[in-house]
Colleague: 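My structure is below; once you've seen it, I'll send some questions.
Each ligand, and each atom within it, is numbered from 1 in the order the structure gives. Because only heavy atoms are used, hydrogens play no part in the values below, and waters and symmetry mates are left out as well, while side chains stay in.
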Amino acid sequence: MINEKLPKIWYGGDYNPEQWDAEVMNEDLRMFKIAGIDVATVNVFSWALSQPNEDTYDFTWLDDIIDRLHANGTYVCLATSTGAHPAWMARKYPDILRVDFEGRKRKFGSRHNSCPNSPTYRKYSERIAERLAERYKNHPALLIWHISNEYGGYCYCDQCAEGFRNWLQARYTTLDHLNKVWNTRFWGHTFYDWAEIVPPNALSEERIEDRSTFQGISLDYRRFMSDSLLDCYKLEYNAIKKHTPELPITTNLMGLYKELDYFKWAKYLDVISWDNYPSFNTPVSLTAMTHDLMRGLKGGQPFMLMEQTPSQQNWQPYNSLKRPGVMKLWSYQAVAHGADTILFFQLRRSVGACEKYHGAVIEHVGHEHTRVFRECAELGSELQSISDKLLDTRINARVGIVYDWENRWAVELSSGPTVALKYVDEVHKYYDALFQQNIQADLISTEDELSNYDIVIAPVMYMVKKGYAQRIEDYVQAGGTFLTTFFSGIVNENDIVTLGGYPGELRNVLGIWAEEIDALFADQHNQIVLNEPFGALKGEYQCGLLCDLIHAEGAEVKAVYAHEFYQGMPVLTVNKFGSGQAWYVASSPEPAFLQGLLANLCKDKGITSPIPPVPGVEVSTRTTKDNHSFLFILNHNDHPTSIELGSFKGTDLISGQPVEVTATLPPKAVMILEK
Ligand code: GLA
Ligand code: ZN
């Protein structure tokens, strides 16, 4: 449980009453009661308000807000406010300002704007976090700490350059070593002095973001920036822990956000929290996958949904309203995947600046008689009655999908073989193929234990880290089913090719050799032809993007290419290795193929769906420690949908009604069946 003070699914969100006249808060507190809101996240962007100058701190305004919330029975998620520095600080100490990708020194403005290697930022952010901890450590309303906000963005200033050089020295010790691992003899890059190394950006190695002329330095800069921001987080974390060792600390992550290695960050978060902003047309399974990734960051521990909008956003090109029922449906989707909180950005709409058209529980009209408020209040009341049962329950997946930030950076920094290869898309294809069959998966890091899973899927495992190939071999040897795809096993942690034939270190376990890799244009395809019908698979399927030209070296060939000069070469292989199997999918296939293939693999391991899949209906199970389970059924369709339950019987937690044989759900409706 995140904090036993509030043993239910927390409900509430970001709240900035300092932006309004004091009386407005009385109305808000009244409405929080109506909506069942019990948590307010405060002080997210108020650094300038609390610290008017170098030596003065004034938290009286915050005392007042926290006390009033407490008197109302509302708990507090207390932010440290360091996501945007004060204007006076930027003027007095310009080292706090970032230098952007184009090499321009920023002026004061916007937010998430501090250089992570700025001595000023580090000193004052740590200091205000400590002041807050000293002041509020015994406040009964305090549930959890929220450090800064959505860490992200890179800086390319001189102090970051200096920090980078130190980071490199610690990692590589000598310049000789660095020259070797970066392969600097290419294009005459040999370094003779650490001071010659400059950050890779538009002024040096990276003309367009994410394409680099030198992957080694670009990869390391990403690691360094992720670490630099993490160091800032840790300074605040440690300052707070001294005063409140028992209170959990988090920072709100951003799901699939590319620039930070969240698996590394997760070690320093007591609980994972994240901000979920799908768009109108985001695939439901992509949101599901992102929740699973966030759950996976801490080995399946329940996470916090820290932000979502009750109705619309302001920062997308087109900010559609969440249709009736959708806010509730997506909230339960988060819970279905392991969230133990449902929090919004924000509780009341801003009056000015860029977020005034961002949705909120309380709209500009200021009263509770709105569609959005009614829907929020309905969910609030449901959570009050059902959520203690769901709290702290887990998801027991038998399929693990490997997700790796460093690999993603390397894949997408790569110059060739195609610009169209997007790591997340390929991971998502495999996730979706399971999702469509109601098979749950965990997203796991390359450090996670493989033997927890019957099947491990590692899409586009381009970078194979030291020791990982051996761990895969051991896993398969012991009976595991491993699957990887085209463009795997190519490089090491420094993006240096493993010589001796692709897929490098994975060649042994896969029993294949990939001789060449063809890149297809967007409208170009090949066909996968099965040698013989294979379980759910028969006939031909489309594939594209990349086609590895492989030779079987002990692996059994299950399917071949239909076209091109590599017609007849293998596209799907399986290698029996020890007591297990290692599969290779040499191209990017259409969904029907992946669904059939994964159905076969799951069947082989006795992994089944709890109820038969129905298009547009998502299913997920959360289970208590003593094996008591709750089946979530989420109807994402715009039409009523009937679901055959087979032998599954249960009572719907939300309506209290027994359900058996067939469940019929109205559009966007949710059932949580207690077995
Ligand atoms: C992010 C931020 C919030 C707010 C929302 C708006 O998640 O953390 O402060 O700006 O976006 O969607
Ligand atoms: Zn900097």
Colleague: At a 4.0 Å threshold, what atoms of ligand 1 neighbour a non-hydrogen atom of E307?
Modeller: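 Ligand 1 atoms under the 4.0 Å threshold to E307: 1 (C), 2 (C), 3 (C), 4 (C), 5 (C), 7 (O), 8 (O), 11 (O).
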Colleague: Take D638 and R323, measure what side chain to side chain contact (heavy atoms under 4.5 Å, CB included) needs, and give me the verdict at the end.
Modeller: CA-CA 10 Å; D638 288 322; R323 274 31 194 174; over 6 Å; no
Colleague: Which atoms from ligand 1 have a heavy atom of H358 less than 4.0 Å away?
Modeller: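 Close to H358: 6 (C), 12 (O).
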Colleague: Which atoms of ligand 1 have any heavy atom of E150 under 4.0 Å away?
Modeller: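 So the atoms of ligand 1 that pass are 1 (C), 2 (C), 7 (O), 8 (O).
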Colleague: Counting distance only, does the side-chain N/O of N319 pair as donor-acceptor with the main-chain N or O of N314 below 3.5 Å?
Modeller: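 Yes: the side chain of N319 pairs with the backbone of N314.
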Colleague: What atoms of ligand 1 come within less than 4.0 Å of a heavy atom belonging to F45?
Modeller: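 With F45 as reference, the close atoms of ligand 1 come out as 9 (O).
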Colleague: Touching ligand 1 at all, E355? Heavy atoms, strictly under 4.0 Å?
Modeller: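 Yes; E355 lies near enough to ligand 1 that a heavy-atom distance drops under 4.0 Å.
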Colleague: Is a side-chain N or O of Q312 found less than 3.5 angstrom from the main chain of H358, in a donor-acceptor match?
Modeller: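 Not a single qualifying donor-acceptor pair exists.
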Colleague: Considering the heavy atoms of W315, write down every atom of ligand 1 situated less than 4.0 Å from one of them.
Modeller: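 Answer for ligand 1: 6 (C), 12 (O).
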Colleague: Work out whether the distance between some heavy atom of M254 and some atom of ligand 1 is less than 4.0 Å.
Modeller: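 M254: no contact with ligand 1 (<4.0 Å).
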Colleague: If you apply the rule side chain to side chain contact (heavy atoms under 4.5 Å, CB included), what do you find for E382 with K328, and how did you get there?
Modeller: CA-CA 10 Å; E382 287 175 11; K328 208 203 264 189; 2.7 Å; yes
Colleague: Short list, please: which atoms of ligand 1 are under 4.0 Å from a heavy atom of N252?
Modeller: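 Matching atoms, with element in brackets: 8 (O).
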Colleague: Any salt bridge linking E355 with R349? Criterion: basic side-chain nitrogen under 4.0 Å from a carboxylate oxygen.
Modeller: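 Looking at E355 and R349, the cut-off is not met.
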Colleague: How wide is the angle at the Zn ion (ligand 2) spanned by C115 SG and C160 SG, rounded to 10 degrees?
Modeller: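 Result: 100°, to 10°.
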Colleague: Any side-chain donor-acceptor pair under 3.5 Å between H243 and E130?
Modeller: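 Checked: H243/E130 side chains pair up, N/O donor to acceptor below 3.5 Å.
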Colleague: Can you tell whether the side chains of R374 and E368 come within less than 4.0 Å, N to carboxylate O?
Modeller: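 E368 and R374: not salt-bridged.
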Colleague: Could you tell me which atoms of ligand 1, counted from 1 in the order shown, lie closer than 4.0 angstrom to a heavy atom of N149?
Modeller: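 The atoms of ligand 1 under 4.0 Å from a heavy atom of N149 are 2 (C), 8 (O), 9 (O).
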Colleague: Which is it for M306 and ligand 1 at heavy atoms under 4.0 Å: side chain, backbone, both or neither?
Modeller: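 For M306, there is no contact with ligand 1 at all, from either part.
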